[in-house]
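Here's the structure we're looking at; comments come further down.
As the structure is a computational prediction, the values presented were derived from the model and not from experiment. Below, each value reflects all heavy atoms present in this structure, side chains not excepted, and no hydrogens, waters or symmetry copies. Quick note on labels: first sequence line is chain A, next is B, and so on, each numbered from 1.
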There are 2 protein chains.
Amino acid sequence: MTHTKENYLKAIYHLDQNQEKISLSELGKKMEVSMPTVNSMVKSLQEKDWVIYQKYQPLQLTTKGKQKAALIIRKHRLTEMFLAQYMGFGWEEVHEIAEEIEHLQVDKFFDRMDELLGYPAVDPHGSPIPDKEGVVVAKSYVPLSEIEVGVQVRICSLVKSSKELLLYLNRKEIALGTELKIEKKEPFDKSILVRYQRPDKVMLSHEVAQLLLVELC
Amino acid sequence: MTHTKENYLKAIYHLDQNQEKISLSELGKKMEVSMPTVNSMVKSLQEKDWVIYQKYQPLQLTTKGKQKAALIIRKHRLTEMFLAQYMGFGWEEVHEIAEEIEHLQVDKFFDRMDELLGYPAVDPHGSPIPDKEGVVVAKSYVPLSEIEVGVQVRICSLVKSSKELLLYLNRKEIALGTELKIEKKEPFDKSILVRYQRPDKVMLSHEVAQLLLVELC
DNA sequence: CTATAAAGTTAGATTAGTCTAACAAATTTT
DNA sequence: AAAATTTGTTAGACTAATCTAACTTTATAG
């Protein structure tokens with residue numbers, strides 16, 4: 001198993017989460033390689049029994065492939081948590097560093113992180129950390145955009161966390177665990193007005209509200 | 001710069017510390033590759049201006065190559081220190097893990113380690129950590145085997161630290177910083193009797209005593 | 001329902017790192 | 001100094017991951 005193949009597997013896994021049908025061109029875009037490269041890589045992943053692929057048909061992950069991918073994601077998210085909790089990195093910095101560290105083969109290192117962190121269930125963006133068997137236990141949260149006026153909720157996760165979003169939330173002093181109350185919803189642009197541990201009410205766009213996953217509290 | 005080339009450079013650097021003349025066959029042995037592989041790799045290192053090599057002549061590191069190597073060793077030793085100080089790994093475990101981590105490209109990570117550790121000068125085996133410019137400031141210690149009877153010394157470093165040696169020292173409760181007094185030297189086998197923070201006197205073989213680097217105290 | 005566009009495939013080349021087999025040069029042994 | 005050994009070199013091949021160019025299949029848009 002090479003770093004490269006690990007990255008393909010991870011990419012396929014993430015595409016798999018969002019849609020069912022995975023095309024080679026999408027994978028190529030995600031991996032930033034040409035079509036012939038994807039094509040030959042997919043063949044070689046198939047030989048390892050991580051994907052199922054037939055000419056001109058959509059790509060599928062095998063159970064084995066899903067597990068393999070989940071174990072890489074486990075390393076990634078444990079690392080992110082460690083970087084945030086033990087090394088003082090911000091949640092907007094950890095992804096990039098974890099992208100490199102996730103490929104280390106030395107299990108001891110990740111096991112120790114896990115232990116030091118007290119076996120965390122989620123990473124600094126609220127995404128679930130798969131267990132050592134590659135099983136993911138994900139809670140189902142609701143986008144903030146779907147909550148009614150007057151309801152009190154807690155931010156638990158993010159749909160996807162770009163650096164830009166994370167820096168924006170930093171500026172607004174919104175973090176995982178922040179509890180907020182919907183004060184008003186603007187029908188025209190679907191923006192919402194919320195109140196939390198700050199003197200003033202804050203306006204959040206529909207775009208942002210769709211990305212914040214919350215639970216009632 | 002690939003991981004592979006980094007490892008060659010490191011190997012050459014270490015050979016360079018012990019002898020002046022570096023042969024391709026030695027390098028091959030150290031890297032566990034065949035002669036033709038070494039041969040072609042050396043040519044490609046030469047193109048990058050990290051070594052000087054002429055057919056049938058001994059291999060030499062350039063200044064640039066030495067610096068490059070020292071920066072990798074910096075990452076290695078900083079990592080070892082971090083693993084020991086922050087993650088609770090034993091000094092016999094850190095080398096193996098650091099061998100993988102030293103190749104990460106993300107400087108932030110090493111800079112943060114350095115900061116958290118308070119800019120350490122040595123790793124958990126007493127080896128000096130090169131600075132960010134690749135400059136090594138090494139103190140010159142003396143092997144314990146050369147110390148006279150009655151003298152009090154402090155263990156500061158190891159000539160080379162195999163896992164076996166480190167586990168042996170663990171059993172004898174000898175660590176960096178341990179202060180000991182030479183009670184007796186046996187002329188026949190050059191073994192020495194020492195006393196330190198333990199009730200009984202301890203016998204150390206000449207072999208071990210040669211590997212322990214000390215300073216007077 | 002054909003024509004164009006998009007997606008996928010094949011063929012062939014390249015680079016990095018490795019190997020074995022065969023040979024050549026240098027060194028050591030007798 | 002000749003023979004034997006070690007060390008180094010060359011040639012040629014292989015795998016992984018990538019590419020471009022040319023072609024084919026499938027999907028889409030009139």
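Atom CG in A:L158 sits 6.5 Å away from atom CG in A:L169 (nearest 0.5 Å).
Around the NZ atom of B:K68, the shell of radius 6.0 Å holds no more than 12 heavy atoms that belong to other residues, nucleotides or ligands.
Just one residue in the list B:L45, B:N39, B:V38 forms a side chain to side chain contact (heavy atoms under 4.5 Å, CB included) with B:M41, and that residue is B:L45.
For the OP1/OP2 pair of C:dA16 and a distance below 4.0 Å, the side-chain nitrogens and oxygens of B:Y8 include no atom meeting the criterion. One finds no side-chain N or O of A:K43 lying less than 4.0 angstrom from the OP1 or OP2 phosphate oxygen of D:dA16.
Using a 4.0 Å cut-off on heavy atoms, the residues of residues 49-57 of chain B that approach DNA chain D are B:Y53, B:K55, B:Y56, listed by number. Near DNA chain C, meaning a heavy atom under 4.0 Å away, the residues from residues 22-41 of chain A are A:S23, A:L24, A:S25, A:M35, A:P36, A:N39.
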Tabulate below the donor-acceptor pairs under 3.5 Å that side-chain atoms of residues 132-141 of chain A make, not counting sequence neighbours, or state none.
{"unit_1": "A:K132", "atom_1": "NZ", "unit_2": "A:D111", "atom_2": "OD1", "d": "3.2"}
{"unit_1": "A:K132", "atom_1": "NZ", "unit_2": "A:D111", "atom_2": "OD2", "d": "3.4"}

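Counting only residues at least two apart or in different chains, ring-ring contact (aromatic ring centres under 6.0 Å, His included) contacts with residues 57-106 of chain B comprise B:H3-B:H103, B:H76-B:H95, B:F82-B:Y86. For residues 31-54 of chain B, there are no salt bridge (charged side-chain N to carboxylate O under 4.0 Å, His left out) pairs, not counting sequence neighbours.
With sequence neighbours excluded, no residue satisfies side-chain hydrogen bond (donor to acceptor under 3.5 Å, both in side chains) with A:S127.
Rounded to a whole Å, the NZ atom of B:K5 is 8 Å from the C1' atom of C:dG17.
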